[in-house]
Amino acid sequence: MNALAALPVNDGHVPVMLAEVLASLSPRDGGRYLDGTFGGGGYARAILQSAECTLHGIDRDPDAIIRGEEMARQADGRLIMHQGTFGAMETLVEEFVPFDGIVLDLGVSSFQIDQAERGFSFRHDGPLDMRMGGNGVSAADIVNGESEQTIADILYRYGEEKLSRRIARAIVNARAEETITTTGYLARIIRSCVPRDRSGIDPATRSFQGLRIAVNDELGELERALEAAPRLLAPGGVFTVVTFHSLEDRMVKRAMAVHAGRTGNPSRYEPIPLHQNKPDFNLLHSRPQSATDEEARENPRARSARLRALVRTPAAATSVSGTSA
């Protein structure tokens, strides 16, 4: 169909719920789309192959920008990359709005997990880093410098780890003997005080998730994106988000419900307004979509994935305007 069709798919990168994402966005010729979490470029590639459209990609990871720029050279000018966080999308792409579709994939890129030097995974021993953009406070800074209470709070709030206090105490005791500098060492500390459960999930999983979210302010970025993205949509445009754990999914569900005017019934003691404005947005699906059984079997990352989507009503006037890409 175009030059991208001949470009090989990135090894090891499997975009989750790709068919469902494309179905929700329905890319069209002449449309303009935004991938706020470019990563390995799986969604971007599929969108550009689906229609003769323009796509803007955002990622804070310099390596992802390099991959995107390589893809852009094959995309006949239809892919434009922006380095930054998706929470800052409104500033990064303000001259290109509105968009016919925006997508966020909140999972960690397989490239980041597979690179031991990035320090995201305990599967590969490497420096305890976890910074998606390569700057700011690292995971090592947190586990070696923060108080036991702060570490416990991070693991409990962001990792939903019930044994957070026990783990934090073990971390503080261990760092008194030796600075914790590698993912392998931290994982061993956690496993020493957290028993395996029947699920087979590694005992370090939730703690690593909590640290990664804290290091990259992922929930803060998501909150800002959930506020900004609907404003960037053209009438009929769709905002699609794929989440991988309950913290994110609850935030997305709540924000989309607010935008769609589904915030619950008013008090029975309050008078019903005579004229209620119809919301400018609707939920595309009444319930979140999940990966198919087949995809979940072939790609374990898809098992916890949930897709929610918000559509701007065709009659809604755009709140922002811009120039063409």
Side-chain angles (χ1 to χ4, degrees), residues 35-40 57-69 81-93 104-161 164 167-168 171-172 174-175 179-187 189-190 204-229 243-245 247-248 251:
D35 182 348
T37 49
F38 183 83
I58 294 175
D59 208 293
R60 70 170 77 178
D61 188 340
D63 291 344
I65 297 298
I66 293 173
R67 287 191 294 271
E69 290 173 346
M81 295 300 299
H82 307 268
Q83 185 168 3
T85 63
F86 61 80
M89 65 172 69
E90 196 163 18
T91 300
L92 292 172
V93 298
L104 298 179
D105 173 352
L106 303 182
V108 182
S109 167
S110 56
F111 289 97
Q112 294 171 334
I113 293 175
D114 292 340
Q115 292 176 328
E117 65 271 19
R118 302 299 300 274
F120 283 95
S121 175
F122 44 78
R123 293 191 333 218
H124 312 284
D125 194 17
L128 187 57
D129 194 325
M130 300 192 189
R131 293 173 296 179
M132 291 180 177
N135 53 11
V137 175
S138 70
D141 293 330
I142 291 176
V143 299
N144 290 293
E146 294 292 348
S147 67
E148 180 178 325
Q149 181 63 54
T150 297
I151 295 172
D153 289 345
I154 288 172
L155 302 186
Y156 182 79
R157 180 183 177 190
Y158 300 132
E160 299 182 292
E161 173 56 73
S164 60
I167 296 170
I171 288 173
V172 170
R175 77 186 187 191
T179 302
I180 304 169
T181 59
T182 67
T183 57
Y185 184 26
L186 177 60
I189 294 169
I190 298 170
T205 300
R206 288 182 291 272
S207 294
F208 269 65
Q209 171 187 296
L211 286 169
R212 190 202 76 227
I213 290 174
V215 165
N216 297 288
D217 186 27
E218 293 180 34
L219 298 188
E221 293 296 336
L222 178 57
E223 182 177 13
R224 290 184 282 276
L226 291 171
E227 178 65 27
T243 64
F244 291 85
H245 61 77
L247 280 175
E248 297 168 338
M251 289 179 64

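Keep in mind the model is a prediction, meaning the values are calculated, not measured. Residues take their numbers from the sequence shown, with the count starting at 1.
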What closest approach, in Å, do [X] and [Y] show between heavy atoms, and which atom pair accounts for it?
| X | Y | answer |
| --- | --- | --- |
| Val215 | Ser138 | CG2-C, 3.8 Å |
| Ile142 | Leu211 | CG2-CD2, 3.9 Å |
| Gly133 | Pro62 | O-CD, 4.1 Å |
| Arg60 | Gln83 | O-NE2, 3.5 Å |

Set of residues satisfying side-chain contact (heavy atoms from CB on, under 4.5 Å) with respect to [X], sequence neighbours excluded:
| X | answer |
| --- | --- |
| Asn144 | Ala140, Arg175, Thr179, Ile180 |
| Thr150 | Glu146, Ser147, Ile154 |
| Ala225 | Phe86, Met89, Leu104 |

Distance check, rounded to the nearest 0.5 Å: Thr37 atom OG1 versus Asp61 atom CG? 12.0 Å
Find the distance between CD1 (Ile171) and CD1 (Ile190) and round it off to the nearest 0.5 Å. 5.5 Å
Can you tell me if [X] uses its side chain to pair, donor with acceptor, with the backbone of [Y] under 3.5 Å?
| X | Y | result |
| --- | --- | --- |
| Glu248 | Phe244 | yes |
| Asn216 | Met132 | yes |
| Gln209 | Tyr158 | yes |
| Thr183 | Gly126 | yes |
| Asp59 | Gly39 | yes |
| Arg131 | Gly136 | yes |

Residues at least two apart in sequence or cross-chain that pass side chain to side chain donor-acceptor pair (under 3.5 Å) with Glu223, listed by chain then number, are none
Taking side chain to side chain donor-acceptor pair (under 3.5 Å) as the definition, give me every residue that meets it alongside Ser164, ordered by chain and number, with sequence neighbours left out. none
Kindly write out the residues that satisfy salt bridge (charged side-chain N to carboxylate O under 4.0 Å, His left out) with [X], not counting sequence neighbours, or none if the list is empty.
| X | answer |
| --- | --- |
| Glu160 | Arg250 |
| Arg224 | Asp217, Glu221 |
| Glu227 | Arg231 |

Check whether any side-chain heavy atom of [X] sits under 4.5 Å from a side-chain heavy atom of [Y], and report yes or no.
| X | Y | value |
| --- | --- | --- |
| Leu219 | Met251 | yes |
| Phe38 | Ile58 | no |
| Leu186 | Phe208 | yes |

Only counting residues at least two apart or in another chain, list the ones meeting ring-ring contact (aromatic ring centres under 6.0 Å, His included) with His82. His56, Phe96
Please identify which of these residues, Asp141, Val143, Thr182, Thr181, meets the side chain to side chain contact (heavy atoms under 4.5 Å, CB included) condition with Leu128. Val143
